Amino acid sequence: MSRAATGGMLLCRAEPLAVRPPAHLLRVRLLLAPAGDWSVLVPEDKPWRDGPESVAEVLSRWGSAIALGSTWPVLSLWWEAGRAGFALAGGFRRTAAYAWDPAGRPAGEPDAVRALSARLGLDPVLDLADLERLTRTSTDPAVDGEARLLALVALLTRAGLALPPGLAPGESADRLREAARVAPGAEKLEWSGRRDAVRAGLDAVEQGPLGPWVRGPRARLVGAAQVAAAAPLLAWAAHRRSPGWAAAGAVLLAQGAASLAYDRARTAVSGPWGAAPSSGRRPSGSPRRS
């Protein structure tokens with residue numbers, strides 16, 4: 001590893017379709033590309049260069065923000081001035097972080113690699129044993145911070161990770177950016193204002209655990225049932241002259257109508273499967289769970 005090299009990436013254990021909405025809410029310029037069963041995010045800018053935070057702090061904060069409310073973990077990898085490390089974020093769980101100095105000496109709690117193994121569903125015997133080797137001091141001068149991080153990436157291939165060519169720990173931020181731009185299936189994530197914020201927020205909800213109840217066949221069924229139940233309830237309330245039941249019926253009717261209207265409006269804008277109408281693609285599957 002070049003002692004001047006500084007860079008990092010975010011590895012999300014989900015397909016790009018699921019990663020795009022929460023990553024967009026960061027309001028930073030990123031490159032998103034498929035990485036096997038994972039997705040990789042590479043910064044287009046270098047916010048750690050002039051800001052108060054280091055590259056490790058920036059990427060860890062971004063990873064925590066993306067993972068918040070998601071069903072899949074986000075692993076940030078970073079390297080700076082010969083040091084290297086990772087931080088694993090997942091929902092409201094405590095972030096598991098670990099680092100190595102330029103000589104490859106470990107600096108962190110062994111519990112971090114055990115948490116990494118458990119949250120990523122790795123083999124509790126073979127994979128964990130390989131991870132724990134990364135926490136032991138080595139007398140080999142070739143085992144530096146880069147070697148430790150490369151070994152971690154190699155181990156994650158057993159969990160379906162396949163980084164695009166040119167994306168590897170130890171590369172400079174500029175070279176990572178260029179490699180990400182030409183990666184198969186890569187796309188730019190850029191912030192374009194309040195409209196994008198609303199759209200990304202809606203996409204994030206629809207891709208989350210509540211998505212089927214917000215939009216789609218299940219949401220339409222619930223909305224239609226609410227409208228159907230509201231009509232006799234309102235009639236009964238009018239017959240009994242009951243303001244309370246009338247209010248309940250009105251709320252039920254409004255909720256059902258709003259649910260149906262939302263589903264129709266979102267389908268008209270983004271297509272029946274959440275992609276742009278011109279894409280003609282249906283998502284290949286739901287996000288992979290850890």
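All values reported here derive from a predicted model rather than from experimental measurement.
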Partners meeting side chain to side chain donor-acceptor pair (under 3.5 Å) with D123 (sequence neighbours left out): none
Qualifying residues under side chain to side chain donor-acceptor pair (under 3.5 Å), relative to D127, sequence neighbours excluded: R158
Residues that T157 engages under side chain to side chain contact (heavy atoms under 4.5 Å, CB included), provided they are two or more places apart: none
Pairing residues for R27 by the side chain to side chain contact (heavy atoms under 4.5 Å, CB included) criterion, not counting sequence neighbours: W191
Residues which pass side chain to side chain contact (heavy atoms under 4.5 Å, CB included) with A87, listed by chain and number, not counting sequence neighbours: S60, S76, T95, A97
Under 4.5 Å side-chain linkage, directly or through intermediates, the cluster mates of F92: L68
Distance (rounded to the nearest 0.5 Å) between L77 CG and L59 CG: 8.5 Å
R133: salt bridge (charged side-chain N to carboxylate O under 4.0 Å, His left out) partners, not counting sequence neighbours: D130
Considering all heavy atoms, the nearest V113-L131 contact: O-CD1, 3.7 Å
Nearest atoms (heavy-atom pairs only) where P164 meets A35: CD-CB, 4.3 Å
Spatial distance of atom CG (L41) from atom CG (L31) [nearest 0.5 Å]: 9.0 Å
Ring pair (Phe, Tyr, Trp, His ring centres under 6.0 Å) pairs, two or more places apart, involving residues 93-131: Y98-W100
Any residue meeting side chain to side chain donor-acceptor pair (under 3.5 Å) with E109, in chain and number order, not counting sequence neighbours: none
Which residues share a side chain to side chain donor-acceptor pair (under 3.5 Å) with R181, sequence neighbours left out: E44, E178
Results of side chain to side chain contact (heavy atoms under 4.5 Å, CB included) for A179 - residues two or more places apart only: L167
